Protein chains: 2
Amino acid sequence: MSPKTRQRLPVAELIAKKRDGGALTEDELTKLIEGFMDGSVTDYQMSAFAMAVFFRGMSFEETVAMTLAMRDSGKVIDLSGVSAPKVDKHSTGGVGDKVSICLVPMVAACGVAVPMMCGRGLGHTGGTLDKLEAIPGFRIDLSVAEFRAQMRKLGCALIGQTEALAPADKRLYALRDVTGTVESVPLITSSILSKKLAEGIDALVLDVKVGRGAFMKTEADAKELASSLVRVGRLAGIGVSALLTDMSAPIGFTVGNALETAEALELLQGEGPEDLRELTYALGAEMLRAAGIAKSKGAAERMLTSVVKDGSAARKMEAFVHAQGGDARVVQEPDRLKLARHRVTVTAAAEGFVGEIDALEVGYASMGLGAGRTRAEDAVDPGAGIRLHVRLGDRVQIGQALATLYSSTKALLGPATERTAASFAILKRRPNTPSRIIETIRR
Amino acid sequence: MSPKTRQRLPVAELIAKKRDGGALTEDELTKLIEGFMDGSVTDYQMSAFAMAVFFRGMSFEETVAMTLAMRDSGKVIDLSGVSAPKVDKHSTGGVGDKVSICLVPMVAACGVAVPMMCGRGLGHTGGTLDKLEAIPGFRIDLSVAEFRAQMRKLGCALIGQTEALAPADKRLYALRDVTGTVESVPLITSSILSKKLAEGIDALVLDVKVGRGAFMKTEADAKELASSLVRVGRLAGIGVSALLTDMSAPIGFTVGNALETAEALELLQGEGPEDLRELTYALGAEMLRAAGIAKSKGAAERMLTSVVKDGSAARKMEAFVHAQGGDARVVQEPDRLKLARHRVTVTAAAEGFVGEIDALEVGYASMGLGAGRTRAEDAVDPGAGIRLHVRLGDRVQIGQALATLYSSTKALLGPATERTAASFAILKRRPNTPSRIIETIRR
């Protein structure tokens, strides 16, 4: 028997157990998170625990217990008043990823309820909240009561991460961000799922991105995360499936908030770039399947095509933007979204085929123009960003425009120009341009 | 180029570098410790760093840089006014380890200056401070100025860990204690050496204990720590050597503060147990050798024998106790040290030879009698403890007294009796009783 520890919960012993490769029980993990919230488990103990998890991992059972404990650190939204099946989508983050903006109204128009909690952009990746805030008046700080009321009325609503939902995740993520403990599959899994479970959903479709512009750089890593999310989500009681999708080049032609929102809105008019369309329809089809509304991918895609064609997706978007205080005219007239006034064009220095557009570099270049954040407390320039004029596989001539850069701060154009130019690889031979959808993971 | 971090020192990146197996530069480690002291590196970052070091280790160069940075977080005592060579001894902690009490005056009487910073007991191990405080009036809270003055006058002084010396170590150790990051050789090395280097010593002799009652349970682990201490200490600019010594059974016949101080004082009269004598003389000889005062172990042991015989070691002890406010009469009359009034005797339940006296169990039993601490803020019972009546290899009869337990709280005797009885193994055949000195490590 070792000497008694100084706290009711033997925190140092739990940390040492994980450090030495042991598995914590459901009860231990629940108490750890409860203690983290009530202050009896300190930040320095939690960060040491996170580092031990980085090295030792967690079993699926441990990850489920931690996920549920973090979910239960706050409210779980009661959406029992919404009769439609409730399905959300989550992306692990990319460059030019405006899928949610067109996906939510399309899926909602098909009769699926979509309660979505979104994040802001940080580093090279953008955030859906920032993109929608490019719409004049759009507000994301709904209270939980407003969120529920809008869900009942419209079948879709979008909210920023709030202290009310999964606050343990918010606190833990803030710690992980500054202690080198972000890159851990079980910690990422419990972070994503605890928030999503608090939304009161029946099912979740994940877009796990892989490649230069994604958090996961290799297919093996992305697949490991996707499998963890699917398995832990199901053990936690909801349906979860994941699409592994390619994030080497930016999605569509735009990166930046107003630019991306406008491009996503074009999709609701039956226009927009092919890769964005492919991604949106594939994720939408998976959501309809998860909701039990469509039996096959083909049937689901036909439903999605139909709500775009008959204008019901665009009308849903108008109602949604209006309900959250935004100027709904942008849905029919995306050009109303104001772009930054300082602009510069990047041109091709060689002749050939566009073989690569490095999403990570384009993401950083866009951040450098003011469209993103280096720190969570930074403000963003809604009109800043990059519009690409070419896509992978296109033939280009010397001097041809590759991209236009936008910024409200002229001095930011110079460095971003260089970075954007360097992100293109012009090849002698036409490269393959495979589908963005790599794999669907359902178990 | 990754996004700019939110602090001048990119702490999260330094942690991630160590986490991924990289080596930090001298400059990075210095800034990390400086930041820890000025608050720009938070406790939660430091504990995550410590956990990363637990898994990834540190090179000797890194450990040196961290040691020196922790030393420089506070004062380094200037003992240039003391002309004698300055040598300290440090034990990694054991049960019944009262060596310092007799060693300091013996070595000082030989002309070596001994500036000693000591700790208190915690858990099953005792602390020299607690033992000396069993002497009425003895105080250990000298100021740095008093410490220096006494060093100049007497050539020996003893002080508790103070905020003035290596405060970064004190803060880091407090964190490690509650975050499962104690058991790391480079962190233990830098913790021990940063404090010792702050004493302004020329050389250090280490008693690295191994076995049931020690922090290091195996010879391989103890040897790794000893080698790290010797190598890092030398790179940091002082002479360091280490004795690997056996800590399976308690040292001498006593465990507990007054009991141990009395036993150590007997050694100054040329009496006392053989194993305590062997350890004290071996460590003392190594100190004289490190000080350049004796050329061989034989010559050194003759000097130590001589200062005991001619009474100069005892006189040095009297002056030392007197200087620190204690009743110096205890040196000639150790029986003046008051023992606790409630007592019970543990007797042999079988006939045979004493094959094992489990130091860890005896240590916990003594702690349970009030002689030690479960928490750093606990007070100790100076008169509590255990007096053994037999040693390893002794033949015993059924009913023969094995140990007497002392406590000021009668209710504590019961559980400690059981624990003490269980710590003895009585064998059919006489066991080997090898020397406590396993190995000397000088490089």
Side-chain angles (χ1 to χ4, degrees), chain A residues 1-7 10-22 41-56 121-125 171-172 174-184 360-361 363-365 367-368 372-378 415 419, chain B residues 1-7 10-22 41-56 121-125 171-172 174-184 360-361 363-365 367-368 372-378 415 419:
Chain A
M1 195 173 67
S2 68
K4 298 276 185 303
T5 54
R6 64 195 64 185
Q7 287 161 301
V11 186
E13 287 174 28
L14 293 189
I15 299 170
K17 188 175 174 185
K18 176 47 67 188
R19 179 196 75 189
D20 296 338
V41 175
T42 62
D43 285 353
Y44 47 84
Q45 289 176 318
M46 208 60 196
S47 65
F49 175 75
M51 186 60 86
V53 170
F54 174 90
F55 282 100
R56 293 296 194 175
L122 187 63
H124 72 281
T125 62
R171 284 190 53 194
L172 180 55
L175 267 188
R176 288 168 54 210
D177 190 36
V178 293
T179 56
T181 50
V182 167
E183 297 88 345
S184 157
L360 183 66
E361 289 301 305
Y364 279 131
M367 185 184 83
R373 290 182 181 78
T374 54
R375 297 180 299 181
E377 58 272 29
D378 292 346
R419 195 150 201 172
Chain B
M1 195 173 66
S2 69
K4 299 274 186 303
T5 55
R6 64 194 64 184
Q7 287 160 301
V11 185
E13 289 175 25
L14 293 190
I15 299 170
K17 188 175 174 185
K18 176 47 65 188
R19 179 198 74 189
D20 296 337
V41 174
T42 61
D43 285 352
Y44 48 84
Q45 290 176 317
M46 209 60 197
S47 65
F49 175 75
M51 187 60 87
V53 170
F54 175 89
F55 281 100
R56 293 296 193 174
L122 187 63
H124 72 281
T125 62
R171 284 191 52 194
L172 180 55
L175 268 186
R176 288 169 55 212
D177 190 36
V178 292
T179 56
T181 49
V182 167
E183 297 87 347
S184 157
L360 183 66
E361 289 300 304
Y364 278 130
M367 186 184 82
R373 290 181 182 80
T374 53
R375 297 181 299 183
E377 57 272 29
D378 292 346
R419 196 149 200 173

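Fair warning: this is a prediction, and the values are worked out from it, not measured in the lab. Just so it is clear, the values below take in all heavy atoms, side chains as well, and ignore hydrogens, waters and symmetry mates. Each chain gets a letter, A, B and so on, in the order its sequence line appears, and its residues count up from 1.
Remark: B:Arg176 pairs with no residue by the side chain to side chain donor-acceptor pair (under 3.5 Å) rule, at least two apart or across chains. A:Asp378 meets the side chain to side chain donor-acceptor pair (under 3.5 Å) test with A:Thr374; sequence neighbours excluded.
If you tally non-hydrogen atom pairs under 4.5 Å between each of A:Ala52, A:Ala16, A:Gly368 and chain B, the highest count goes to A:Ala52. Of all the listed residues (B:Phe49, B:Phe55, B:Phe54), the one sharing the greatest number of non-hydrogen pairs under 4.5 Å with chain A is B:Phe55. Contact count against chain A (heavy-atom pairs under 4.5 Å) is highest for B:Ala48 among B:Gly372, B:Ala48, B:Gly180.
Annotation for B:Ala12 and A:Thr179: closest pair CB-N, 4.3 Å, computed over non-hydrogen atoms.
Residues A:Thr181 and B:Met51 form no side-chain contact, since every pair of their non-hydrogen atoms from C-beta on lies 4.5 Å or further apart.
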